[in-house]
Amino acid sequence: MSEESQVILQRKQKAEELEREGIALYPNDIGNLEKAGAIKRVYDGYDQAALEKVPHVFHLAGRIMSLRRFGKAAFLHIEDSTGRIQLHVRRDQIGPEAYRLFKKYDIGDIIEARGTLFKTKTGELTLSVNTMRLVTKSMRPLPEKYHGIKDKELRYRQRYMDLLMNPGVRDVFRTRSKIIQMMRQYFTSNGFLEVETPMMQPIVGGATAKPFATYHNALDMNLFLRIAPELYLKRLLVGGFDRVFELNRNFRNEGISTQHNPEFTMLEFYEAYANYEDLMVRTEELFAQIARDVKGGHVFTYQGQEVDLTPPWRRMTLEEALVEVGGIGREELHGDPASLMQRLEDLGAPVKGNEPVGKYWTKLFDLLVEPRLIQPTFITHYPVDVSPLARKNMKDPGVTDRFELFITGREIANAFSELNDPRDQKRRFEEQIAKRGDDEEIPPEMDRDYVRALEVGMPPAAGEGIGIDRVVMLFTDSPSIRDVILFPLLRARGE
RNA sequence: GGGCCGUUAACUCAGCUGGUAGAGUAUCUGCCUUUUAAGCAGAGAGUCACUGGUUCGAAUCCAGUACGGCCCA
């Protein structure tokens, strides 16, 4: 008849019993605490005799993660943000009244304890408790202590449980934070200015993807959540900032997979008077540094595969990759597009006839080459018709000065020397608009102000976007993007 | 959007060809002052995801729906 389980009801009753006795269930006057991790670091090496000479009374707080009661005594482990430590509670030491209250404590409660250190028979550093107090009463039981919480849906929907129960999950997010910090450090120390540009944009631009639409009441204005910050960042180059970067969320209204979350984190950086080859060097430097700090070296494994990030990395043109890795003949690539269309059809990825040949190349690349690029590889010389914001190559105007970076069979970064000729840019926008697919709900629109900015004059520059979630996956050996995003998007669940 | 798989106690999972629900952990009671997946004895705990169908009888078979996972687009 109740929606709540017996266990939860029992816990709420216990809490009320404690409250009736005048015990605060949620006090907040704890004071300075020592941390389990630090205590263990210092005293783990001490033997019993040495610990007896330490007169200090330690003050700790943490969540009860395990509890073994023995009538008039008990062992429990509490966990704080730095680790677990064992507590020994004895009735003859804390007194019968305190012990009676202690019997109402449950696994999951947060408690405060003071006491001295000793070593158990098995050699575990343990706090012998003098006094203890309830700090936060837990009304819900923790999941099974040995298996933790395995159900992926529960793990993502109740991430707090996942973080609490599953070893390693907190480390993934600590590593994520560290990687982001290192990236900020790398760019700021190289003279890049961190900026914030609009996430709500009146015109969709900077990438090809479906946007989320929203609306501003007071201005009676349609807005889109950005799919990329690119066009705003390049306006800043026009404005005189030579080196800028932005590290923040993008939003794409598309499918969800182990590689895609509708909101994801992207680093974009732009550097005036540099070209895409300079950015390859930066990218190698940055990743090698992260690998050293996070992995202890350039060589490590991702999902069982060995990855070696020692610079310099392999470079291939898109054409070379299609020929050498994809096994497509050079003549076929440059011959009748019908043959490439047929190949795509055979691969189960049919294309519409109105698409440019460059699109066939990149689609074939995605299917035949990308999954095989395990070691870091820069693919360069992308066709102009799939690179609307990139500068044309001076020698071969059919391709752009652009690269994409692949590691473990996945696209990690995309970069190019920026197109800064306003006439060329305007033409490319016009072509994009003319060639738009009829199925697109939000038709591309000319960003006239961006063209105007280029007319003012943008210095020659190069820019790059790095998918942070995928970088974190790589360095934390995570198979799914949901493992590196704290609260991945899931369907709403009726309760 | 398509294919395959999953959903059983708070958690981790059994439950075969249809016969009316099980274990471990957690919880409760008793014993227990060096345990650590503590131990021993006992107890309680379920809308078998949901809706419909087949059947004398459905956790089990069928269909649909919801949510999730993996793969593909």
Side-chain angles (χ1 to χ4, degrees), chain A residues 1-15 17 48 51 64-79 84-96 99 102-109 115 117-129 138-162 164-167 210 253-260 303 344-352 363-364 366-367 370-371 409 439 478-483 488-495:
Chain A
M1 76 171 284
S2 168
E3 283 176 36
E4 291 181 326
S5 75
Q6 177 199 19
V7 184
I8 295 172
L9 284 173
Q10 280 167 347
R11 288 217 172 185
K12 292 195 169 168
Q13 275 167 22
K14 254 190 211 177
E17 281 165 30
Q48 177 57 28
L51 285 174
I64 301 175
M65 299 305 287
S66 67
L67 180 53
R68 294 172 291 282
R69 294 184 188 274
F70 291 85
K72 298 182 189 65
F75 283 97
L76 54 150
H77 277 97
I78 64 165
E79 183 174 292
R84 284 187 189 196
I85 191 161
Q86 182 167 258
L87 269 51
H88 189 212
V89 180
R90 293 168 29 173
R91 197 169 88 131
D92 60 10
Q93 190 159 345
I94 68 168
Y99 199 81
F102 165 64
K103 282 186 171 173
K104 295 210 160 64
Y105 294 5
D106 291 303
I107 292 174
D109 289 353
L117 291 174
F118 75 105
K119 280 260 163 113
T120 64
K121 270 197 224 165
T122 51
E124 180 168 352
L125 186 70
T126 301
L127 189 82
S128 176
V129 175
S138 171
M139 305 287 191
R140 282 177 184 270
L142 256 30
E144 214 252 3
K145 64 184 171 191
Y146 193 60
H147 298 93
I149 170 169
K150 283 193 170 170
D151 185 292
K152 287 212 171 122
E153 186 171 358
L154 262 183
R155 288 187 50 207
Y156 298 143
R157 284 192 198 276
Q158 300 182 22
R159 180 69 91 181
Y160 41 88
M161 269 309 190
D162 186 34
L164 208 52
M165 295 308 296
N166 291 337
K210 288 188 181 132
N253 203 344
E254 298 187 346
I256 292 176
S257 77
T258 50
Q259 320 284 323
H260 300 89
Q303 299 293 299
L344 284 164
E345 185 105 37
D346 296 344
L347 289 164
V351 284
K352 292 170 292 221
K363 281 206 173 183
L364 284 166
D366 290 349
L367 294 167
E370 179 171 326
D439 57 332
S478 300
S480 168
I481 197 169
R482 284 176 218 115
D483 297 325
L489 186 66
L490 299 178
R491 248 177 251 270
R493 181 142 229 199
E495 301 223 12

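Worth knowing before you read on, the calculation uses all heavy atoms, side chains too, and leaves out hydrogens, waters and symmetry mates. These figures come from a predicted structure and were not determined experimentally. Chain naming here is simple, since letters A, B, ... match the order of the sequence lines and numbering starts at 1 in each.
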Worksheet item: Below 4.0 angstrom from OP1 or OP2 of B/C70, is there any side-chain N or O of A/Arg482?
Response: yes
Item to complete: Please work out if A/Lys14 contacts a base, only the sugar-phosphate, or nothing of the nucleic acid, heavy-atom cut-off 4.0 Å.
Response: sugar-phosphate
Practice prompt. Ignoring backbone atoms, establish whether A/Arg90 has a side-chain N or O less than 4.0 Å from OP1 or OP2 of B/U33.
Written response: no
Discussion item. Once you apply a heavy-atom cut-off of 4.0 Å, does A/Ser257 come out as touching a base, just sugar-phosphate, or nothing?
Written reply: nothing
Practice prompt. Answer with base, sugar-phosphate or nothing: what part of the nucleic acid does A/Leu76 contact at a heavy-atom distance below 4.0 Å?
Written response: nothing
Look for any protein N or O under 3.5 Å of an N or O in nucleotides 3-9 of chain B and output each such pair with its distance, or none.
none

Worksheet entry | A/Gln6 side-chain proximity, nearest of B/G44, B/U34, B/A73 | B/G44
Discussion item. So A/Ile256, base contact, sugar-phosphate only, or nothing? Heavy-atom distance under 4.0 Å.
Written reply: nothing
Worksheet item: Reckon A/Lys150 touches a base, only the sugar-phosphate, or nothing at all at heavy-atom distances under 4.0 Å?
Response: sugar-phosphate
Discussion item. Need one value for A/Thr120: base, sugar-phosphate or nothing, where a base atom within 4.0 Å counts as base even if backbone is also close, heavy atoms only.
Written reply: base
Worksheet item: Near RNA chain B, under 4.0 Å by heavy atom, which residues of residues 154-162 of chain A?
Response: A/Leu154, A/Tyr156, A/Arg157
Worksheet item: Within the structure shown, what part of the strands sits under 4.0 Å from A/Arg84 by heavy-atom distance: base, sugar-phosphate, or nothing?
Response: nothing
Close N/O contacts between protein and nucleotides 22-25 of chain B (under 3.5 Å):
from: B/U25; atom 1: O3'; to: A/Lys145; atom 2: NZ; distance (Å): 3.4

Worksheet item: Are any of the side-chain nitrogens in A/Arg159 or A/Asp162 under 4.0 Å away from the carboxylate oxygens of its partner?
Response: yes
Practice prompt. Look at the side chain of A/Arg491 and decide which nucleotide, out of B/G68, B/U35, B/C70, has an atom nearest to it.
Written response: B/G68
Discussion item. Using the ring-ring contact (aromatic ring centres under 6.0 Å, His included) criterion, which residues pair with A/His88? Sequence neighbours excluded.
Written reply: A/Phe75, A/Phe118
Item to complete: Would you list the pairs meeting salt bridge (charged side-chain N to carboxylate O under 4.0 Å, His left out) in which at least one residue belongs to residues 85-96 of chain A, sequence neighbours left out?
Response: A/Arg90-A/Asp92
Worksheet entry | N/O donor-acceptor pair, side chain A/Glu124 with base B/U34, under 3.5 angstrom | no
Discussion item. Applying a 4.0 Å non-hydrogen cut-off, can you work out what A/Gly255 is touching in the nucleic acid: base, sugar-phosphate, or nothing?
Written reply: nothing
Item to complete: Measure from the side chain of A/Leu490, starting at C-beta and using heavy atoms only, and say which of B/C28, B/G68, B/U35 lies closest.
Response: B/G68
Worksheet item: Using a 3.5 Å cut-off on both pairing distances, which stems of three or more Watson-Crick or G-U pairs include RNA chain B?
Response: B:1-7 with B:66-72, B:10-13 with B:22-25, B:27-31 with B:39-43, B:49-53 with B:61-65
Worksheet item: A/Leu367 side chain: which of B/U33, B/A26, B/A73 is closest?
Response: B/A73
